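All remarks here apply to the structure that follows.
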Amino acid sequence: MKTIPSFLLRICCLTALLLTPVFGTTQEELRAEFTKINQERTLRSELINFLKKTAKARETENGTLAATDPKDGELVQSVEIENAARERQFDIIAELQSQPEQEIRAAFALKMGVAKKETITPVLRIHGSNTVGEKLAPELVREWLTSRNVADVSMKRSGVFTQFVFRDSVRDQEWKSVEILAHGTSTAFQQDQTYPEVGLAGGFCDVGMASRTIKDAEAEAVMQAGLGDLRKEGSVFPIAVDGLAIFCPQSRPLSSLTVAQVAAIFSGEITNWSEVGGSNEAITLYARDAHSGTFDSFESKVLKPLSKKLSSQAKRYESSSELVRDCSSDPSGIGFVGLSYVGTSVNVIPISASADTRPLIASRLAIKSLDYPLSRLLYFYAPVGRSALTSDYLDFAMSDRGQQVVDRVGLIGQGKAQANDLTEADALKKSLLEDGKIPADYKKIVQTADRRDTFANIRFDSSELTPDANSRQNLRRLANLLASSGNEKAKVICIGFADNKGSDGSNLQVSKSRAEAVAAYLSNLGVREIQTASFGEAMPVADNNTPDGRAANRRVEIWLQR
């Protein structure tokens with residue numbers, strides 16, 4: 001076995017000399033022996049990892065190693081030493097826990113990534129968005145399983161497929177799994193020729209992941225399958241807020257772009273960096289693939305409002321991580337992904353809704369309030385008639401603990417504020433009070449208030465006075481906060497705004513009605529101290545010339561006086 005480094009062989013030989021089991025009779029002696037064997041195995045870990053990485057040894061379903069070349073004497077000796085230690089540890093655990101040794105072997109093999117697939121029962125299947133499924137959904141599953149105190153959890157990942165295998169308890173004979181398949185948002189709902197056996201409509205999953213709202217045609221397909229209308233309350237779960245980041249390599253500084261410029265670049269109308277204030281170099285486009293909800297969001301927020309299509313020259317990616325990796329190393333590149341995928345290796349470009357609005361960097365506050373032009377919500381979708389286990393997972397995802405997971409993976413949770421959120425909220429208030437364009441009456445209202453726990457603006461379905469699904473969830477969170485210790489005396493201020501479609505008087509009345517509708521919703525949740533104010537079409541946060549911009553301007557801000 002000439003390829004094994006000599007220092008590893010020396011470790012192996014030393015460990016062979018050390019491995020002289022002391023067969024204990026009391027529990028303390030058994031535990032001491034187990035610890036001693038663990039220490040000896042740690043000395044061998046680098047060698048064993050090397051053997052497995054180079055495919056000279058492999059894990060077996062029995063919990064032991066197998067040499068791939070039985071004629072290699074040094075290899076066989078190394079494997080036998082490791083197996084002797086494992087065998088003794090299996091004996092000790094079986095004796096200490098009064099558990100069949102075969103179960104312990106199977107559990108260890110599972111931790112090493114070896115298990116018979118036919119012995120595993122899928123109990124939760126989650127399909128759809130790569131933005132949700134690559135990082136967020138797996139971390140939510142991991143934390144959720146921890147909260148349920150299940151046993152012997154292991155995770156296996158292959159491309160866009162992630163599988164968690166576990167048992168409900170150490171004495172449970174049944175192995176179960178949670179499976180995540182992240183081909184893109186469209187696969188949350190329906191299968192197609194590219195991806196068969198995916199989606200809710202075909203009964204292939206229990207929860208759909210989406211980085212946009214469900215389309216009417218998708219909702220109809222799910223309804224035809226007898227699963228109800230996923231657009232209704234109880235089926236849609238806004239689990240996180242994300243922003244589409246437009247980025248280029250750090251080597252290309254760019255102060256800002258308008259949404260129209262972004263559309264012109266990605267449609268192929270602008271092909272040289274000199275056309276947007278850069279050097280005379282051709283632009284290379286990096287984009288998500290057609291199944292991606294990220295691309296759907298980009299298309300709906302950037303391309304379609306300006307009647308444009310993505311250039312056929314764009315390089316398309318199923319994986320956001322791979323897109324960032326390749327674009328960041330291309331001096332001519334520009335790409336778009338969800339904010340959580342960009343890091344310090346790229347230049348995130350500030351975006352303005354139009355030439356008349358100020359550019360906004362994709363910050364937590366700008367995205368959480370949905371004021372950033374390319375902000376979006378991420379969703380779970382599930383039928384009302386779902387299993388108790390599925391409901392438990394969804395409840396966990398929407399809880400404060402679940403939303404902390406959202407923050408941890410780099411997306412924006414809607415639970416309790418983080419320390420940097422508070423700082424950003426105070427900085428925003430300061431900038432508003434110093435802005436000469438802000439109405440004096442507005443400044444007077446917010447002078448003694450704050451938005452430290454109420455970043456998310458309340459928005460509405462179409463032109464209705466009913467807050468949308470995400471806003472209803474945030475209002476329920478606010479009501480719970482105000483009912484908690486130390487917040488009982490806080491007063492809520494609902495400040496309404498409208499778009500500019502209509503007369504000044506009618507817009508003022510509409511904004512007043514929206515503020516009062518939010519106040520009524522909070523009152524029904526038990527909140528008592530509520531004040532309303534309205535400012536019509538004043539202080540737009542988006543371009544009133546587009547449907548998305550007008551929808552963003554139809555909002556209610558929530559401030560708290562404490």
Side-chain angles (χ1 to χ4, degrees), residues 241 243 255-256 258-259 350-375 417 420-460 467 471 474 478 490-519 530-546 548-562:
V241 190
S255 59
S256 68
T258 65
V259 172
I351 304 297
S352 58
S354 67
D356 298 326
T357 59
R358 64 187 178 91
L360 291 175
I361 192 70
S363 69
R364 282 180 58 87
L365 182 53
I367 292 172
K368 192 167 186 176
S369 66
L370 301 179
D371 290 346
Y372 174 67
L374 305 182
S375 56
N420 56 328
D421 294 335
L422 307 182
T423 302
E424 195 173 339
D426 291 343
L428 172 66
K429 175 182 171 179
K430 184 174 183 292
S431 69
L432 289 172
L433 294 175
E434 293 174 350
D435 191 336
K437 297 179 182 179
I438 301 298
D441 287 345
Y442 178 90
K443 291 182 181 181
K444 184 177 179 181
I445 292 171
V446 304
Q447 178 74 53
T448 57
D450 70 75
R451 295 192 70 188
R452 290 174 140 230
D453 296 299
T454 59
F455 306 125
N457 287 330
I458 305 304
R459 287 187 164 84
F460 302 83
S471 296
N474 283 326
L478 175 59
K491 177 186 288 186
V492 179
I493 306 173
C494 302
I495 305 178
F497 296 91
D499 60 31
N500 67 351
K501 299 302 178 183
S503 67
D504 290 349
S506 64
N507 288 338
L508 184 63
Q509 181 57 47
V510 167
S511 66
K512 182 175 184 291
S513 298
R514 290 202 174 99
E516 291 174 346
V518 172
I530 309 173
Q531 171 187 339
T532 64
S534 52
F535 288 88
E537 63 191 66
M539 299 172 59
V541 295
D543 185 3
N544 273 313
N545 294 311
T546 67
D548 279 354
R550 290 192 294 275
N553 289 328
R554 297 191 293 263
R555 70 196 190 281
V556 171
E557 292 181 358
I558 305 289
W559 292 73
L560 297 181
Q561 281 184 339
R562 320 214 193 205

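Please read these numbers as outputs of a predicted model, since none were measured by experiment.
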What are the two closest heavy atoms between [X] and [Y], and how far apart are they?
| X | Y | result |
| --- | --- | --- |
| G496 | V556 | CA-CG2, 4.0 Å |
| A353 | P373 | N-CG, 3.7 Å |
| N474 | A456 | ND2-CB, 3.5 Å |
| P439 | A538 | CG-CB, 4.4 Å |
| I530 | A519 | CD1-O, 3.4 Å |
| C494 | A515 | O-CB, 3.7 Å |

When rounded to the nearest 0.5 angstrom, what distance separates [atom1] in [X] from [atom2] in [Y]?
| X | Y | atom1 | atom2 | result |
| --- | --- | --- | --- | --- |
| I558 | S369 | CD1 | OG | 13.0 Å |
| N553 | D371 | CG | CG | 8.5 Å |
| R514 | F460 | CZ | CZ | 6.0 Å |
| L478 | I458 | CG | CD1 | 8.0 Å |
| L433 | L428 | CG | CG | 9.5 Å |
| K443 | D435 | NZ | CG | 6.5 Å |

When the ring planes of Y442 and W559 are compared, do they come out parallel, tilted or perpendicular, using 30° and 60° as the limits? perpendicular
All pairs passing salt bridge (Lys or Arg N to Asp or Glu O under 4.0 Å) where residues 492-502 contributes a residue, at least two apart: D499-R554
May I ask you to test the [X]-[Y] pair for a side-chain heavy-atom distance under 4.5 Å?
| X | Y | result |
| --- | --- | --- |
| Y372 | I351 | yes |
| D504 | E537 | yes |
| K512 | T532 | no |
| I445 | I495 | yes |

So does D543 get a backbone contact from the side chain of S354, meaning a donor-acceptor N/O pair under 3.5 Å? no
Please evaluate residues D450 and K429 with respect to the criterion salt bridge (Lys or Arg N to Asp or Glu O under 4.0 Å), reporting the C-alpha separation (whole Å), side-chain torsions for both, the decisive distance (0.1 Å), and the verdict. CA-CA 7 Å; D450 70 75; K429 175 182 171 179; over 6 Å; no
Name the one of N457, I493, L432, D426 that satisfies side-chain contact (heavy atoms from CB on, under 4.5 Å) with R451? N457
Charged N to carboxylate O under 4.0 angstrom, D453 versus K368? no
Mind checking what makes side chain to side chain contact (heavy atoms under 4.5 Å, CB included) contact with I361, not counting sequence neighbours? V348, P350, S363
